[in-house]
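Notes follow the structure.
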Amino acid sequence: MSQSQSKPALRPFLPADTPMLAAIFVAAVQELTGDDYSEAQQEAWAAVADDEVAFGKKLAGELTLIATMQNSPVGFASLKDNSQIDMLYVHPSVAGQGVGAILCEALERLAAGRGTKSLSVDASDNALDFFRKRGYVAQQRNSVTINGEWLANTTMQKALANGQAGGAPQ
């Protein structure tokens, strides 16, 4: 998974992917959010994937894309109601290598191609800069309860112009 020069491939979610995506979700929450959330908050958040059947149904009920490197999943993102990025997680071993950006760009293009004028996301505190750099603007702060713990996030929005998403890749 540590090939920094290889570009991830994208493919649709398959139900058989659920255990691997649940593991990516848990690893991302546990290893990438410690600067912004307490251990108790991280544990409550990661526990969302404990029920793999429910986790898989959630992913299957949305447009979910998987990023792979050397045919192994390294990240995933889901689009809810064609207007909201619901989940976007990458394995810590590939964080900062553009996997999240490729997933986000793909969801933006799909949503724009389907006529969506703007896309929103409830971004965790550790994801704020990622979405800001992609042109998302903070709309409001939120407090949500997950498994008995309060977590903060920020609703952000990005206009999708003329069926196009994002800027030119550089």
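These values consider heavy atoms only, across backbone and side chains, with no hydrogens, waters or symmetry-generated copies.
Under the salt bridge (charged side-chain N to carboxylate O under 4.0 Å, His left out) criterion, Asp129 pairs with Arg132, not counting sequence neighbours. Not counting sequence neighbours, the partners of Ala95 by the side-chain contact (heavy atoms from CB on, under 4.5 Å) test are Leu32, Val90. For Thr154, the side chain to side chain donor-acceptor pair (under 3.5 Å) criterion is met by Arg141, not counting sequence neighbours. Under the rule for a side chain to side chain donor-acceptor pair (under 3.5 Å), the partners of Ser124 that lie at least two apart in sequence or sit in another chain are Asn126. Legend: residues meeting side-chain contact (heavy atoms from CB on, under 4.5 Å) with Ala47, ordered by chain and number and at least two apart, are Asp50, Asn147. Applying the side-chain contact (heavy atoms from CB on, under 4.5 Å) criterion to Ala40, with sequence neighbours excluded, gives Ser38, Glu149. Residues forming a ring-ring contact (aromatic ring centres under 6.0 Å, His included) with Tyr37 (at least two apart in sequence, or on another chain): Trp45. Looking at residues two or more places apart in sequence or on another chain, you find no side chain to side chain donor-acceptor pair (under 3.5 Å) involving Thr64. Applying the side-chain contact (heavy atoms from CB on, under 4.5 Å) criterion to Asn153, with sequence neighbours excluded, gives Asp122, Asn142, Val144.
For residues 105-133, the pairs satisfying ring-ring contact (aromatic ring centres under 6.0 Å, His included) are Phe131-Tyr136, with sequence neighbours left out. Listed by first and then second residue, the ring-ring contact (aromatic ring centres under 6.0 Å, His included) pairs involving residues 55-78 are Phe25-Phe55, Phe76-Tyr89 (not counting sequence neighbours). Pairs passing the side-chain hydrogen bond (donor to acceptor under 3.5 Å, both in side chains) check and including a residue from residues 14-30, sequence neighbours excluded, read Arg11-Asp17.
Ala44 and Ile146 make their closest contact through CB-O, 3.2 Å (heavy atoms, listed as atom of the first residue, atom of the second, distance).
For the residue pair Ser118 and Gln157, a side-chain donor N or O sits within less than 3.5 Å of a side-chain acceptor on the partner.
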